[in-house]
Amino acid sequence: MGVIAYNEDDVRLLARLMRAEAEGDGNLGMLMVGNVGVNRVRADCLDFRDIRSIRQMVFQNPGGFEATQKGYFYQRARQGEIDLARRTIKGERSHPASNSLWFFRPAGNCPAQWYNQWNSGRFKAHCFYQPTQQDCPTVF
């Protein structure tokens, strides 16, 4: 049972996204990208009011993930990445992505805000940003 609805295709799709966005940050970095994706499906707020599935989240346009525009994303998910995707779908959260809806890889330091959302921390190459609990209670 997951914190969001899913099927096996969704698990593999999320696994591909996690790898394409954060493979260089290792398993924990990929888990954090998965947290952001699951949070977007749960959110029902801000830019994610109409996102109800993993597929909608992954391919959201505008506002989706750059990785979906690159060939690496379209390679088959490996078992390790599938296992990580299952963990995030089942509710495992890792700080600073626990309640985050956004992340990006800056050239330097993490800005305090990004798209008017506060920085919740950095893990390796990625900075994570979360809404306030008032703006988006379903991700807390």
Pairwise side-chain contact, [X] with [Y], heavy-atom cut-off 4.5 Å (strictly under):
X: N7; Y: I54; value: no
X: V38; Y: L14; value: yes
X: Y74; Y: R16; value: yes
X: V11; Y: Y6; value: yes
X: P131; Y: V139; value: yes
X: S94; Y: L28; value: yes

Say you draw a straight line from [atom1] of [X] to [atom2] of [Y]; how long is it, rounded to the nearest 0.5 Å?
X: N27; Y: L84; atom1: CG; atom2: CG; answer: 4.5 Å
X: N99; Y: N35; atom1: CG; atom2: CG; answer: 9.0 Å
X: M57; Y: N39; atom1: CE; atom2: CG; answer: 9.5 Å
X: T68; Y: Q60; atom1: OG1; atom2: CD; answer: 10.5 Å
X: R87; Y: M30; atom1: CZ; atom2: CE; answer: 10.0 Å
X: I82; Y: M18; atom1: CD1; atom2: CE; answer: 10.5 Å

(message) For W114 and F104, I'd like to know if the aromatic rings sit close, meaning centre-to-centre distance below 6.0 Å.
(response)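 Yes, close enough.
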Is the side chain of [X] donor-acceptor paired with the backbone N or O of [Y] at a distance under 3.5 Å, no angle test?
X: R122; Y: K124; result: yes
X: T138; Y: A43; result: yes
X: D25; Y: A22; result: no
X: Q130; Y: L101; result: no

(message) Tell me which pairs pass ring-ring contact (aromatic ring centres under 6.0 Å, His included) where either residue lies in residues 14-39, with sequence neighbours left out.
(response)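 For residues 14-39, and leaving out neighbouring residues, there are no ring-ring contact (aromatic ring centres under 6.0 Å, His included) pairs at all.
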(message) By the ring-ring contact (aromatic ring centres under 6.0 Å, His included) test, which pairs, at least two apart or in different chains, include something from residues 10-40?
(response)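 Residue pairs passing ring-ring contact (aromatic ring centres under 6.0 Å, His included), neighbours aside: none found.
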(request) Run through Y129, F48, W118 and flag the one making a ring pair (Phe, Tyr, Trp, His ring centres under 6.0 Å) with W102. (result)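 That would be F48; it is the only one of Y129, F48, W118 passing the ring pair (Phe, Tyr, Trp, His ring centres under 6.0 Å) with W102.
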(message) Determine whether D44 and R52 satisfy the following criterion, salt bridge (charged side-chain N to carboxylate O under 4.0 Å, His left out), listing intermediate values before the conclusion.
(response) CA-CA 8 Å; D44 196 24; R52 296 289 177 268; 2.7 Å; yes
For [X] and [Y], work out which heavy atoms get closest and say how close.
X: P96; Y: S100; value: O-OG, 2.9 Å
X: V36; Y: A97; value: CG2-CB, 4.4 Å
X: A15; Y: A85; value: N-CB, 3.8 Å
X: C110; Y: N119; value: CB-ND2, 3.6 Å

(message) Distance to the ring centre below 6.0 angstrom and angle to the axis at most 45 degrees; does that hold for R19 and Y72?
(response)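 So R19 does make the cation-pi contact.
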(request) Report yes or no: is the cationic atom of R40 (NZ for Lys, CZ for Arg) closer than 6.0 Å to the six-membered ring centre of F65, at no more than 45° off its axis? (result)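 Yes.
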(message) What verdict does the salt bridge (charged side-chain N to carboxylate O under 4.0 Å, His left out) test give for E21 and K70, after you've listed the backbone C-alpha separation in whole Å, the side-chain angles of each residue and the deciding distance to 0.1 Å?
(response) CA-CA 10 Å; E21 289 284 354; K70 301 191 175 20; over 6 Å; no
(message) Under 4.0 Å between a side-chain nitrogen and a carboxylate oxygen: does that hold for E23 and R78?
(response)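 Salt bridge between E23 and R78, a charged N being under 4.0 Å from a carboxylate O: yes.
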(message) Does this structure show an ion pair linking R105 with E66, if we count only N-O contacts that are shorter than 4.0 Å?
(response)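 Answer for the salt bridge query: no.
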(message) More than 12 heavy atoms of other residues, nucleotides or ligands under 6.0 Å from CZ of F59: yes or no?
(response)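 Correct, the count exceeds 12.
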(request) Count the heavy atoms belonging to other residues, nucleotides or ligands that lie under 6.0 Å from CD of Q134, then report whether that count exceeds 12. (result)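 It does not: Q134 CD has 12 such atoms or fewer within range.
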(request) Test side-chain contact (heavy atoms from CB on, under 4.5 Å) on Q56 and D50 and set out the steps. (result) CA-CA 9 Å; Q56 287 176 326; D50 296 323; over 6 Å; no
